[in-house]
K.L.:
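What follows is a structure written as structure tokens; I'll ask about it next.
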Amino acid sequence: MNGQVSLEKWSLWINELSDKNYVVIDNFLNTDCYKQVTTFLTAHIQNFKQAGIGALDQNLINKDIRGDATFWLDSKRDMELNLFWQKVEETIDVLNRECFLSLNGFEFHLTKYPPGAHYKRHLDQFQNRNNRLISVVIYLNEHWQPGNGGELEIYDNEQIINISPIANRCVLFRSDLVEHAVLTSNTNRFSLTGWLLHKPAALGKFFT
Ligand code: OGA
Ligand code: MN
């Protein structure tokens with residue numbers, strides 16, 4: 001069935017997501033799809049731009065808060081990623097069906113943390129733009145080893161969960177509830193990061 005995973009697997013992941021607000025899924029993309037993503041990453045390695053914080057006109061650059069660089073993707077333009085876009089649609093369909101969500105959009109970027117970069121503890125929903133419902137991070141680090149740093153930390157009540165950014169590991173979490181941070185990376189650390197959205201958005205601006 002065109003690379004889709006079984007509903008049984010999805011049910012396990014979804015149960016975990018609804019119990020804990022996050023789930024870690026190893027080997028998330030099939031081989032062809034993962035290859036598409038890494039080929040695309042290699043082709044666009046020069047196109048990353050320093051990331052900011054906040055939506056639209058509040059997009060401030062502060063490397064003390066976040067030091068990564070991003071390359072925003074466009075599903076219409078970036079058709080070489082067709083298998084990945086199919087996976088995103090599959091994920092949205094399953095979550096809508098099984099979790100009674102009303103996801104109807106997504107946004108994704110490739111991300112690079114150069115040595116020394118980190119991202120301080122934060123929530124993914126912007127203060128004035130709350131349409132990000134589920135965060136998706138897929139790691140692309142084939143040779144990651146302990147000591148390379150760049151682990152994702154998830155703050156789960158009193159507990160800190162430490163997640164290594166190993167190749168083809170996916171973390172899904174509630175964008176509105178799960179506080180998290182990226183520890184300082186000692187090597188180049190790559191990921192494909194995005195958000196499943198409920199639109200319409202407030203266009204990042206409220207009249208005040
Ligand atoms: C983010 C983020 C986590 C990671 O981009 O908002 O928190 O592990 N990423 O890259
Ligand atoms: Mn985040």
Side-chain angles (χ1 to χ4, degrees), residues 17 20-29 34 37-38 40-41 44-45 47-56 58-73 84 88 91 105-156 159-197 201 204:
L17 178 63
K20 299 195 302 198
N21 298 325
Y22 71 88
V23 59
V24 179
I25 305 169
D26 281 332
N27 299 309
F28 185 61
L29 306 177
Y34 184 79
V37 173
T38 51
F40 188 90
L41 169 68
H44 292 275
I45 208 95
N47 300 347
F48 285 78
K49 295 217 162 48
Q50 185 62 46
I53 37 179
L56 297 181
Q58 288 183 13
N59 204 312
L60 310 168
I61 287 178
N62 184 341
K63 287 196 192 178
D64 190 41
I65 295 180
R66 90 179 270 197
D68 57 325
T70 58
F71 175 61
W72 280 97
L73 303 179
F84 177 68
V88 173
T91 307
F106 55 83
E107 53 188 6
F108 276 87
H109 56 57
L110 286 166
T111 316
K112 172 186 171 177
Y113 285 74
H118 65 281
Y119 197 156
K120 276 200 172 149
R121 182 172 175 158
H122 66 281
L123 274 180
D124 281 351
Q125 273 199 358
F126 294 121
Q127 271 162 8
N128 54 1
R129 200 193 115 184
N130 60 5
N131 65 337
R132 290 178 165 181
L133 298 191
I134 303 287
S135 303
V136 182
V137 191
I138 300 167
Y139 300 110
L140 307 172
N141 308 297
E142 327 262 298
H143 306 293
W144 189 90
Q145 302 198 356
N148 287 1
E151 291 92 346
L152 171 68
E153 274 194 349
I154 283 185
Y155 304 96
D156 182 9
Q159 255 187 315
I160 299 179
I161 317 295
N162 184 285
I163 299 165
S164 307
I166 62 171
N168 209 7
R169 168 172 280 174
C170 170
V171 188
L172 301 178
F173 58 90
R174 284 268 304 257
S175 310
D176 57 337
L177 293 179
V178 175
E179 291 197 24
H180 58 283
V182 178
L183 302 184
T184 302
S185 187
N186 303 317
T187 53
N188 278 323
R189 172 207 199 256
F190 292 99
S191 59
L192 174 48
T193 304
W195 295 273
L196 309 182
L197 310 175

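Everything quoted here is computed from the prediction, not taken from an experiment. In each ligand, atom 1 is the first atom listed, and ligand 1 is the first ligand listed. For this chain, numbers begin at 1 and follow the sequence in order.
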K.L.:
Output yes when the distance from some N or O of ligand 1 to some N or O of H122 is under 3.5 Å, and no in every other case.
P.N.:
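Yes, at least one N or O pair falls under 3.5 Å.
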
K.L.:
Within 45 degrees of the axis of the six-membered ring of Y139 and under 6.0 Å from its centre: does R169 put its NZ or CZ there?
P.N.:
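No; the conditions do not both hold, so R169 does not lie above the ring face of Y139.
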
K.L.:
Backbone or side chain, does any N or O of R189 fall under 3.5 Å from an N or O of ligand 1?
P.N.:
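Yes: some nitrogen or oxygen of R189 is under 3.5 Å from one in ligand 1.
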
K.L.:
Check each atom of ligand 1 against the heavy atoms of L152 and keep those under 4.0 Å away; list them by number with element.
P.N.:
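It comes down to these atoms of ligand 1: 3 (C), 8 (O).
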
K.L.:
Show me which atoms of ligand 1 lie under 4.0 Å from any heavy atom of H180.
P.N.:
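Per the distance check, 2 (C), 7 (O).
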
K.L.:
Would you check whether H109 has a nitrogen or oxygen atom less than 3.5 angstrom from a nitrogen or oxygen atom of ligand 1?
P.N.:
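For ligand 1, there is no N or O atom that lies under 3.5 Å from one belonging to H109.
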
K.L.:
In the protein, how many N/O/S atoms are under 2.8 Å from the Mn ion (ligand 2)?
P.N.:
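For the Mn ion (ligand 2), protein nitrogen, oxygen or sulfur atoms under 2.8 Å: 3.
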
K.L.:
Could you tell me the residue and atom name of the protein heavy atom closest to atom 3 (C) of ligand 1, and the distance to it rounded to 0.1 Å?
P.N.:
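Closest protein heavy atom to atom 3 (C) of ligand 1: V182 CG2, 3.5 Å.
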
K.L.:
With a cutoff of 4.0 Å, is T111 in contact with ligand 1, counting heavy atoms of the residue only?
P.N.:
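Contact absent.
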
K.L.:
When you measure from atom 5 (O) of ligand 1 to every protein heavy atom, which one gives the shortest distance, and what is it?
P.N.:
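Ranked first by proximity to atom 5 (O) of ligand 1 is T193 CG2, 3.8 Å.
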
K.L.:
Working to the nearest 0.5 Å, report the span between CD1 of I138 and OG1 of T111.
P.N.:
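I138 atom CD1 to T111 atom OG1 measures 10.5 Å (nearest 0.5 Å).
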
K.L.:
Is there a donor-acceptor contact under 3.5 Å linking the side chains of N148 and H143?
P.N.:
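Result is no, nothing qualifies.
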
K.L.:
I45: which residues meet the side-chain contact (heavy atoms from CB on, under 4.5 Å) condition with it, sequence neighbours left out?
P.N.:
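side-chain contact (heavy atoms from CB on, under 4.5 Å) check on I45 returns L41, F190.
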
K.L.:
What's the separation between atom OG1 in T38 and atom CG in L192, rounded to the nearest 0.5 Å?
P.N.:
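One finds 11.0 Å between OG1 of T38 and CG of L192.
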
K.L.:
For atom 8 (O) of ligand 1, which candidate among F190, Y119, Y113, Y139 holds the nearest heavy atom?
P.N.:
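Considering heavy atoms of F190, Y119, Y113, Y139, the nearest to atom 8 (O) of ligand 1 sits in Y139.
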
K.L.:
Going from CD on E107 to CG on L196, what distance comes out if it is rounded to the nearest 0.5 angstrom?
P.N.:
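Result: 9.5 Å between the selected atoms.
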
K.L.:
May I ask you to decide if the ring planes of F71 and H44 are parallel, tilted or perpendicular, using 30° and 60° as cut-offs?
P.N.:
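Rings of F71 and H44: parallel, as their planes differ by under 30°.
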
K.L.:
If we set the cut-off at 4.0 Å for heavy atoms, which region of D124 has an atom near ligand 1: side chain, backbone, both, or neither?
P.N.:
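Side chain only.
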
K.L.:
What atoms of ligand 1 come within less than 4.0 Å of a heavy atom belonging to V137?
P.N.:
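What qualifies from ligand 1 is 4 (C), 8 (O), 10 (O).
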
K.L.:
About how many Å separate OG of S191 and CG of N141, when rounded to the nearest 0.5 Å?
P.N.:
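Output value for this atom pair is 7.5 Å.
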
K.L.:
Applying side-chain contact (heavy atoms from CB on, under 4.5 Å), can you list everything that pairs with E153, at least two apart in sequence or on another chain?
P.N.:
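With sequence neighbours excluded, E153 shows a side-chain contact (heavy atoms from CB on, under 4.5 Å) to Y155, I160, N162, L183, given in chain and number order.
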
K.L.:
Can you list everything that forms a side-chain contact (heavy atoms from CB on, under 4.5 Å) with K20? Sequence neighbours excluded, please.
P.N.:
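Partners of K20 under the side-chain contact (heavy atoms from CB on, under 4.5 Å) test: E16, Y22.
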
K.L.:
Fit a plane to each ring of F108 and F84, take the angle between them on a 0 to 90° scale, and name the class: parallel (under 30°), tilted (30 to 60°) or perpendicular (over 60°).
P.N.:
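Plane angle over 60°, so perpendicular.
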
